[in-house]
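Convention: sequence-line order gives letters A, B, ...; per-chain numbering from 1.
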Amino acid sequence: MSIRLTIDDVEVKAEPGEYVLAVARREGFAIPSLCHHESVAPIGACRVCLVQVTFGGKTTLSTSCNMLAEEGLQVVTDTPEVRAHRAMNLELLLARAPGSARVREMARQYGVTRTRFPQVAESALANCILCELCMRVCSRLGHDALSAIGRGDKKRIGPPFGTPSERCVGCASCRSVCPTACVFVRDTATSRTIWGKTFEFVLCKNCGAPVLTREHRQHALAHAGLPEDYYDVCEPCKQADAAGRFANVVW
Amino acid sequence: MSVNPANRPTPPDASQTSSGDALRVLAGISGRVPAGAARTGSGGGMLTVIPRNCVGCRTCELTCSFVHSTHGRLARSRIKVREVGEKRFVQMTCLQCVEAACVAVCPVEALARNEATGAIEVHEGRCVGCSLCEKACPFGHMRFDPEAGLAVKCDLCKGEPMCARFCPNKALEVR
Ligand code: SF4
Ligand code: SF4
Ligand code: SF4
Ligand code: SF4
């Protein structure tokens, strides 16, 4: 049974268990966010998705990513107060991630170009906003190679105990989803280094180009059930080969 | 504006070389693509590749990279013209496989078929950028954009393939 709520005075429907941010985006309302990702549970870490909510006669501000849609809820996505709080949160985030183009651009849209807060001292992960998205995605993929280490000022995201993880497969999904692109990956012609661990690439049988790490291939074979030779050749070589077979048919 | 295959003249040799046939034979060779996979649009036509008509002008690549402007560089075009011999070209593009390796390998169900067009589409909000789909496609048709951290593939332009519309040589058609 559907729930009815309003977003910016428009009545919309939601299913029980749906979050306000997801409903709003589906219905075409724009709400900014940094740490939200549809494939993992929301935690409201970046606090940029704040909206005004009225429920049972009470009006407050709330993060929308992890707020469940409720019957009769009234959501307003943009008020001066909402903007002011988003701006403040972005100013804090700017102190943590001054090197992130995405954070800088989002802050600029809220009129924030400088931060009054002390910039976070050079850390193991410069520009990390501690949103744990990398960690949540890594767990979702079944690798569980990352965790939050330390508390408060000392909090860091990384492999548990700060030593290279046995469980990491070098897939670099953490880097793909990181909103500030601060996960450091170094690829060479034959190896990838990420979170302090170096992996060897499987090299294309035809041309020797890197395809994926051995551990990532192992994991994919165990979970996707595709033939082993699917990962032996790089994409351009596969395409050239398929084009050749296609051509033999045509001419 | 939609492509209306019925109103277009039949290109020379198309009856023998329509990729409908070619695709089917390719499927036979690889054993991996069931026949007639790529439907498109509500009319149910297929994006059809006619390599004999292709002169290698790469208009399709240019069109594709412009239409999908968020990843709009020629190198990121979803269709790729490959030279397979002296003045012989084959336009390589996703076959929208019925049993697709990319879909099978995706760990977060970010790839799914749009039943209206027949295209397998990337749901960007769900993609975690693991790049496995790019590695798994047996034809090398899947792309991974490392800057965006997202998979990129042919979506048949939501049912009206622009590569077919702009090909000046009737080497790509919806039929
Ligand atoms: S490394 Fe990136 S994804 Fe991970 S907690 Fe830091 S900012 Fe978030
Ligand atoms: S590279 Fe390692 S830490 Fe990052 S998502 Fe993959 S398994 Fe997890
Ligand atoms: S990307 Fe490859 S595996 Fe996926 S549908 Fe297209 S041709 Fe098939
Ligand atoms: S890159 Fe994205 S679409 Fe491709 S397999 Fe990984 S999560 Fe799925």
Shortest non-hydrogen separation from [X] to [Y] and the atoms involved:
X: Tyr230(A); Y: Ala136(B); result: CD2-O, 3.1 Å
X: Ala242(A); Y: Met92(B); result: CB-CE, 3.5 Å
X: Ser39(A); Y: Val128(B); result: CB-CG1, 4.0 Å

Segment of [X] engaging chain B (4.5 angstrom heavy-atom cut-off):
X: Ala172(A); value: backbone
X: Arg140(A); value: side chain
X: Val137(A); value: side chain

**Prompt:** Are there more than 12 heavy atoms of other residues, nucleotides or ligands under 6.0 Å from atom CD of Glu15(A)?
**Reply:** yes
**Message:** Heavy-atom count check: over 12 atoms from other residues, nucleotides or ligands less than 6.0 Å from Glu105(A) CD?
**Reply:** yes
**Asked** Looking at Gly244(A), Ala243(A), Ala224(A), Ala220(A), which makes the most heavy-atom pairs under 4.5 Å with chain B?
**Response**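 That would be Ala243(A).
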**Message:** Please rank Ser173(A), Cys237(A), Cys234(A), Gly225(A) by heavy-atom pairs under 4.5 Å with chain B and give me the top one.
**Reply:** Ser173(A)
**Prompt:** So, does His216(A) use its side chain to make a donor-acceptor pair with the main chain of Leu132(B) at under 3.5 Å?
**Reply:**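 Side chain of His216(A) to backbone of Leu132(B), a donor-acceptor pair under 3.5 Å: no, none is there.
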**Prompt:** Is there a donor-acceptor pair under 3.5 Å between the side chain of Lys238(A) and the backbone N or O of Cys137(B)?
**Reply:** yes
To the nearest 0.5 Å, what is the distance between [atom1] on [X] and [atom2] on [Y]?
X: His219(A); Y: Cys130(B); atom1: NE2; atom2: SG; value: 10.0 Å
X: Ser176(A); Y: Glu147(B); atom1: OG; atom2: CD; value: 12.0 Å
X: Leu212(A); Y: Glu134(B); atom1: CG; atom2: CD; value: 10.0 Å
X: Gln239(A); Y: Arg82(B); atom1: CD; atom2: CZ; value: 4.5 Å

**Request:** Determine, stepwise, if the pair Glu38(A) / His123(B) fulfils side-chain contact (heavy atoms from CB on, under 4.5 Å).
**Result:** CA-CA 10 Å; Glu38(A) 288 177 43; His123(B) 186 315; 2.9 Å; yes
**Prompt:** Where on Cys127(B) is there a heavy atom nearer than 4.5 Å to chain A: the side chain, the backbone, both, or neither?
**Reply:**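 Only the backbone of Cys127(B) comes within 4.5 Å of chain A.
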**Prompt:** chain A heavy atoms under 4.5 Å from Phe89(B): which part of the residue, side chain, backbone, both or neither?
**Reply:** backbone
**Message:** Do Leu141(A) and Val108(B) have side chains that approach each other closer than 4.5 Å (heavy atoms only, starting at C-beta)?
**Reply:**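 The answer is yes; the side chains approach within 4.5 Å.
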**pair Glu235(A)-Met142(B): side-chain heavy atoms closer than 4.5 Å** = no
